Student: 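Let me give you the structure first, and then I'll get to my questions.
Keep in mind that this is a model prediction, so the values were computed, not measured. The figures that follow rest on heavy atoms only: side chains count, while hydrogens, waters and symmetry mates do not.
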Amino acid sequence: MDYEPQKLEARWRDRWAEAGRYEADPDGEAEPTFITVPYPYPSGGMHIGHCRTYTVPDVYARYRRLQGDEVLFPIAWHVTGTPIIGAVERLKKGEEDQLSVLRDTYNVPEDTLEDLETPMGFARYFIENHYKSGMKQLGLSIDWRREFTTNDDRYSKFITWQYETLKERGLLEKGLHPVKFCTDEENPVTTHDLLEGEEAEFQEYTLVKFEADIDGERGARSASDGSSGDEPRDVIAPMATLRPETVRGVTNAYAHPDGEYVRATVDDETWIVSSAAVEKLRLQEREIEIDEELTGADLIGETVTNPITGDEVVILPATFVDTDNATGVVMSVPAHSPDDYLALQEAKADDERMREYGIDPADVADIEPIPILDIEGYGDVPAKTAVEDAGIESSDDPDLEDVTADLYQAEFHQGIMHDDYGEFAGMTVENVREEFRAHYQDEGAFDEMYEFTEDVVCRCGGDVEVAKQDTWFLRYNDAEWKRKAHQVLDGIDTIPENTRDQYDHTIDWLNEWPCIRNYGLGTRLPWDEDFVIEPLSDSTIYMSYYTVAHRLDEIPPEDLDPDFFDALFYGEDAVDDPDERALELREEWNHWYPVDWRCSGNDLINNHLTFFQFHHGELFDESEWPQGITIMGMGLLEGEAMSSSKGHVVLPSKAIDEYGADTVRFFLLNSAEPWQDYDWRDDLVGSTRDQLERFWSRAQAVIDYDIEEMVEITLEAEGEETTDVAIDEDARPDLEHVDRWLLSKLQGTIREATEAMDGFETRTASQAIFYSFEEHLKWYRRRADLDREGAQWTLREVLRTRLRLLAPFVPFMANELHEELTGEPAEDADWPEPAPEFEDETVERRERLVESVTDDIHDIVDVTGTDPDTVRVYVAADWKRDVFETVRETGTDVGAVMGQVMEDPELREKGDAVNDLVQDLVELVRERDDDELAAMADVDEQAVYADAEAFLESEFDATVEVYDESDPDAVDPDGKADSAVPFRPAIHLE
RNA sequence: GCGAGGGUAGCCAAGCCUGGAAACGGCGGCGGACUUAAGAUCCGCUCCCGUAGGGGUCCAGGGGUUCAAAUCCCCUCCCUCGCACCA
């Protein structure tokens, strides 16, 4: 029978669907195992990069089923938030990129595009036509009865319960939060909505509130009312800085001479800021009203008072000031900022210009840098040193940016604050900046303002700014909650183990998390319908929802009030009048929970997977806390990241049509461990397909062996409750040494595969079962006479076992072949157990000797380029064997062994020969453990080589003679025999 | 910068936790068998030297521990990912 995966896979899919094979219901007997994977987000189709995420848990699910567990593996669909809405909007606008993705990448038929113009229509299309069909094609053993979307009424009731509960427990808090805000659409926007600046980060500027006395009529002030400069300075010039601790080093300020500025009432104060800053401040929840338009020239030459030191400094003109960034007024710290240092030098050198703005050049000349911290290797005035060492003379120098970055870096980590910083003196910037800032913010000397690190532009073309918005936070910074999360983590198996640190770190690092958005699909915030709970926040405990999802469908959504879920999750005592239906469902929830394994992506460690731990810790009892998390690496396509927008993807349907689902699965599971990145390469997938096909045809040959009678015995034997035919000796023909060798290897393979599967090491497991074992078979086919009944029985037994081991990986092929072989699919059988009867270290040692003597002869043939007619093998003499025993007993100390050996007068006579031998044997013993040595000691070498004579003769097409080194009749023309060493016979070719 | 993970032969990649064989596999390459031929399949070889199973040099670079280091420790260089309100 030829290997036709498409046909045979279709057959099995139908069988599984008809029988409802993977629908899991509690039956009370078997051990329940509950495996989940993040529900897919159908904002586009599924591609091959998604496939492994779902295949790995499927393999584990199938493995546990063979182990006798009852396994629940469900799936649902995450549609919360804006991505789907965004995709629909782009489609409706007819954006070319979006149309191309839909038409060309995901093959959406032209007449179907219309159905995609509503968010749920869009989601439904991809759910049905891509995810669901793809998952079924892949043969995922999902219980399809339990699917739902996060936009369903009943799911929303569940989320409502969750958030009501968290609010009652004080874990939600209202506050202000910076968001990206499109000034055209007057709406918050997500990263998906951006044209430019996707990388932009929020930057929190400190505003140092210098006091001034400025209005539009320069100099008019003193003329009009005759007052002097001693008037109370009631205008604030907020200087924006990222290094608030440098405030004591300010020598002057800068404004742009041609910039547009305003004097405005900000909250209750009067501020001088750039015109561009007005709208920004307004978005950041400031009450702001413009009193007067000014120009930079109005500011320049004025003095301002440092709120910390009380020093008066002058505002100088500088064209490098960006009025579009922050407040448009900056303070100058020439001792620590290379830019400021150079600007000051340039100002000093340009008397003409200073006079133009009414500044006395002598005042400028008097300005000297004021150092505020010490840093090793940078002298008294670090900026000066940095600039001079780099040979920079002008602020246009391209190296200036690097020099500045280096100095800032060094000062941040190593800069020690001067004594006049009082309580902050003597510490590094790194350790004082936050505290220093908070201190003066409390005192009212500092304020704050957000800016982006780069320009951000919305897809609509509008300018995006930072806005502060009312929001609700999840209080992940709550110490008690963090403690619980750590406890949850302590009980979790993390795969791979080295991710544990990352979770721990994330738990500590998480701060308040804004959990709502202004728009999007999903559940409305129960007490404020204007907001919707965002996707990472509505997906923290939904695994519990799976346990009852299909049964909730029978209950009207309006009955699913918080009391219902309290009764479901906390039991009948939790509410006054528990709903009977909830209590019934509670049994199933109790049956499946906790989640045994959550199989997720490494990119979710920082958020989802840690949220998952926080919420389980808070909402459920310790007995319901998750047991394990595995994370998965990314998929590459031909060495590059996949991208649906670039069309650089392979669709599962296409791959499956071309190679078959088993090949796709096997490649995904075998090319790397789940947590490692893998690379989908067409040529490698093709060769995987070839390997499976080869396996198939070899299996067919074994199935075709004419040993009918034995099969009957087998079945009969099973009828009599013999657990395994393999140990029913009456049912099997005589076995030779090589057969036992292969069977021993088989047991080792079972052990290795089982251990690997328990740790989700799909690569190690499938390598052992498939590729490594093929190597053994290769040797076996060389070594064994396959016409013997014993060999055929062995190959059958090997196939039967391997098919069961392979069933989780390539379920279609393995079930088909197993059924052909035994009459029942592999999935109806058990995961194999190693049979102690066939595990035999001595048998393996013996075979190892044959392999190494074969290799050695090959080596000699190759090196000499000869084609021997006669091969002579000399086994080491008994006395050498005695020395080996002595080494075993005495240990690997050469001196001690020699002492022992030399007591024997016969050996003493042999002199150097003994010495060399001891050296060799000490080495040999040192490299092996006791069991191995014991097995070696049991081997009768002479018999091993004599047994292998026929094999060696056919291998080398020569006569093979085996002698004992000490045999006086041994033929030894070149005197090779005495170089024999135990386990390393001497060889002579002729 | 902070946190995590890496650097192994032409390429991909195992081994590292638990030190002990020039280092599993695969791809590619070379040679051979089968075949009318191609493909598939099978068997060798694929760091350097070698007409006797040997020798030499190797696992980013440099030190160290050890009888013994790809593996343990220290330092340096390089790469990837995350650093949030985005699913």
Side-chain angles (χ1 to χ4, degrees), chain A residues 38 40-41 43 78 80-84 177-180 188 190-194 198 201-202 405 408-409 412-413 430 471 473-474 476 496-506 508-517 520 534-537 539 601-608 633-634 639 670-673 675-679 681 683-684 686-688 690-691 693-694 697-698 763-764 767-768 770-772 774-775 778 781-782 852-853 855-866 868 892-894 922-929 955 974 976 979 984-989:
Chain A
Y41 205 102
S43 56
H78 202 192
T80 307
T82 54
I84 292 172
H177 187 74
V179 298
K180 292 176 181 146
T190 68
T191 309
H192 276 288
D193 304 321
L194 299 181
E198 288 184 38
E201 289 173 31
F202 294 110
Y408 281 17
Q409 192 69 251
F412 184 66
H413 295 287
E430 187 171 14
T471 192
F473 295 101
L474 279 162
Y476 292 133
E497 182 54 38
N498 62 21
T499 53
R500 179 175 298 281
D501 287 349
Q502 289 191 62
Y503 295 114
D504 253 320
H505 192 260
T506 306
D508 290 334
W509 160 85
L510 268 175
N511 220 317
E512 297 178 311
W513 179 269
C515 62
I516 53 167
R517 296 288 176 274
E534 63 88 36
L536 285 163
S537 300
S539 57
N602 56 8
D603 50 334
L604 296 176
I605 291 176
N606 277 333
N607 43 55
H608 164 70
M634 308 293 277
N670 187 262
S671 61
E673 297 292 7
W675 50 88
Q676 299 172 322
D677 292 351
Y678 68 94
D679 188 4
R681 279 173 45 190
D683 55 340
L684 297 183
S687 98
T688 301
D690 293 344
Q691 310 275 16
E693 184 155 9
R694 199 177 314 162
S697 40
R698 290 234 166 87
R763 181 179 200 276
T764 302
Q767 280 283 342
F770 197 79
Y771 292 103
S772 303
E774 281 302 319
E775 295 292 306
K778 213 161 138 181
R781 279 191 291 269
R782 239 164 109 184
S852 64
V853 81
D855 282 351
D856 280 349
I857 298 170
H858 265 299
D859 273 357
I860 300 170
V861 167
D862 284 349
V863 168
T864 57
T866 54
T892 54
D893 178 335
V894 177
V922 161
E923 196 112 317
L924 182 135
V925 167
R926 193 143 58 190
E927 289 166 5
R928 288 168 174 76
D929 63 34
E955 188 76 9
D974 290 350
K976 293 279 182 195
S979 59
R984 194 94 204 273
I987 295 163
H988 178 253
L989 304 187

Student: On RNA chain B, check which nucleotide each of S43(A) and S772(A) is closest to and give me the residue with the more 5' one.
Tutor: S772(A)
Student: Just N and O in the side chain of R694(A): are any of them under 4.0 Å from OP1 or OP2 of C42(B)?
Tutor: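 Yes, R694(A) has a side-chain N/O under 4.0 Å of OP1/OP2 on C42(B).
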Student: What heavy-atom pair brings P38(A) and L604(A) nearest, and what distance separates the two atoms?
Tutor: CG-CD1, 4.2 Å
Student: When both hydrogen-bonding distances must be under 3.5 Å and the geometry is Watson-Crick or G-U wobble, what is C27(B) paired with, if anything?
Tutor: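 Answer to the pairing question: G10(B), which forms a Watson-Crick or G-U pair with C27(B).
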Student: If you only use heavy atoms from C-beta on, which nucleotide in G53(B), U41(B), A84(B) is closest to the side chain of L510(A)?
Tutor: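 The answer is A84(B).
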Student: Kindly compute the distance separating OH (Y41(A)) from CD1 (I84(A)), expressed to the nearest 0.5 Å.
Tutor: 4.5 Å
Student: Between the side chain of S772(A) and the main-chain N/O of Q767(A), is any donor-acceptor distance below 3.5 Å?
Tutor: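 Side chain of S772(A) to backbone of Q767(A): a pair is present.
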Student: Tell me which nucleotide among U41(B), A13(B), G54(B) gets nearest to the side chain of R984(A).
Tutor: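 It is G54(B).
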Student: Can you tell me if the side-chain N/O atoms of T499(A) get under 4.0 Å from OP1 or OP2 in A4(B)?
Tutor: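 False: T499(A) side-chain N/O out of range (4.0 Å or more) of A4(B) OP1/OP2.
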Student: So if I take every side-chain heavy atom of I987(A) and compare against C83(B), G53(B), C27(B), which nucleotide ends up nearest?
Tutor: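 Given the options C83(B), G53(B), C27(B), the side chain of I987(A) is closest to G53(B).
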Student: Out of A87(B), U41(B), G44(B), which has the shortest distance to the side chain of R782(A)?
Tutor: G44(B)
Student: C1' atom, U8(B) versus C59(B): distance in rounded Å?
Tutor: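 My reading of the C1' atoms in U8(B) and C59(B) gives 4 Å.
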Student: Which nucleotide, in any strand shown, forms a Watson-Crick or G-U wobble pair with A37(B), with both distances under 3.5 Å?
Tutor: none
Student: Working to the nearest 0.5 Å, report the span between CD of E534(A) and OG1 of T80(A).
Tutor: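 So the CD of E534(A) and the OG1 of T80(A) are separated by 9.0 Å.
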Student: Any donor-acceptor pair, under 3.5 Å, between the side chain of D856(A) and the base of G53(B), if you only look at N and O atoms?
Tutor: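 Result: at least one qualifying N/O pair found.
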Student: Do R926(A) and C67(B) share a donor-acceptor pair, side chain to base, under 3.5 Å?
Tutor: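 For R926(A), whose side chain was compared with the base of C67(B), there is a donor-acceptor pair (under 3.5 Å).
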Student: Within the structure shown, what part of the strands sits under 4.0 Å from E673(A) by heavy-atom distance: base, sugar-phosphate, or nothing?
Tutor: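 The answer is nothing, as E673(A) stays clear of every strand by at least 4.0 Å.
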Student: Please measure how far the P atom in C16(B) lies from the corresponding atom in A70(B), and state the result in whole Å.
Tutor: 14 Å
Student: Between H78(A) and R763(A), which has a closest nucleotide on RNA chain B that is more 5'?
Tutor: R763(A)
Student: Partner of A70(B) by Watson-Crick or G-U wobble geometry, both contacts under 3.5 Å, or none?
Tutor: none
Student: Work out how far the P atom of A68(B) is from that of G20(B), and round it to whole angstrom.
Tutor: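 Per the computed distance, 15 Å lies between those P atoms.
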Student: Using the C1' atom in both, what is the distance from C12(B) to A4(B), to the nearest Å?
Tutor: 24 Å
Student: Return the pairing partner of G50(B) with a 3.5 Å limit on both distances, Watson-Crick or G-U wobble; otherwise return none.
Tutor: none
Student: Would you mind telling me which of G25(B), C27(B), G53(B) lies closest to the side-chain atoms of Q691(A)?
Tutor: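 So the side chain of Q691(A) is nearest to C27(B).
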Student: Hunt down the Watson-Crick or G-U wobble partner of C42(B), both distances under 3.5 Å, from any strand shown, or write none.
Tutor: G32(B)
Student: Scan every strand shown for a Watson-Crick or G-U wobble partner of C81(B), both distances under 3.5 Å, and answer none if you come up empty.
Tutor: G3(B)
Student: In whole Å, measure the gap between the P atoms of C42(B) and C27(B) for me.
Tutor: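 Result for the P pair: 10 Å, nearest Å.
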Student: Between C86(B), G3(B), A87(B), which nucleotide gets closest to the side-chain atoms of W513(A)?
Tutor: C86(B)
Student: OP1 or OP2 of C42(B) less than 4.0 angstrom from a side-chain nitrogen or oxygen of R698(A), does that happen here?
Tutor: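 It does, given that an N or O in the side chain of R698(A) lies less than 4.0 Å from OP1 or OP2 of C42(B).
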Student: Ignoring hydrogens and angles, state whether a donor on the side chain of T499(A) or Q502(A) is under 3.5 Å from an acceptor on the partner side chain.
Tutor: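 Not at all, the side chains of T499(A) and Q502(A) share no donor-acceptor pair under 3.5 Å.
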Student: Under a 4.0 Å N-O cut-off, is there an ion pair linking R681(A) with D683(A)?
Tutor: yes
Student: Heavy atoms only, 4.0 Å cut-off, all strands: where does T688(A) land among base, sugar-phosphate and nothing?
Tutor: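 The residue T688(A) makes no contact with any strand.
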Student: Using atom P of each nucleotide, how far apart are A60(B) and U66(B) to the nearest Å?
Tutor: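 Per the computed distance, 23 Å lies between those P atoms.
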Student: Please tell me which of the listed nucleotides, G53(B), A52(B), U41(B), lies nearest to the side chain of D690(A)?
Tutor: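 It is U41(B).
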Student: Nearest to the side chain of L536(A), heavy atoms from C-beta on, is which of C27(B), C42(B), C86(B)?
Tutor: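 That would be C86(B).
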Student: If the C1' atom of A22(B) is compared with that of U76(B), how far apart are they to the nearest Å?
Tutor: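 My reading of the C1' atoms in A22(B) and U76(B) gives 28 Å.
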Student: Distance check, C1' atoms only: A69(B) and G19(B), in whole angstrom units.
Tutor: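 These two C1' atoms come out 6 Å apart once rounded.
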Student: Taking only the side-chain heavy atoms of Y771(A) (C-beta and beyond), determine which of A87(B), A84(B), G25(B) contains the nearest atom.
Tutor: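 For Y771(A), the side-chain atoms sit closest to G25(B).
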Student: Using a 4.0 Å heavy-atom cut-off across all strands, classify N511(A) as base, sugar-phosphate, or nothing.
Tutor: base
Student: Using 0.5 Å steps for rounding, measure from the CG atom of L989(A) to the OG1 atom of T864(A).
Tutor: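 Here the interatomic distance stands at 6.0 Å.
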Student: Considering only side-chain heavy atoms of E534(A), which listed nucleotide, A52(B), A87(B), C27(B), is closest?
Tutor: A87(B)
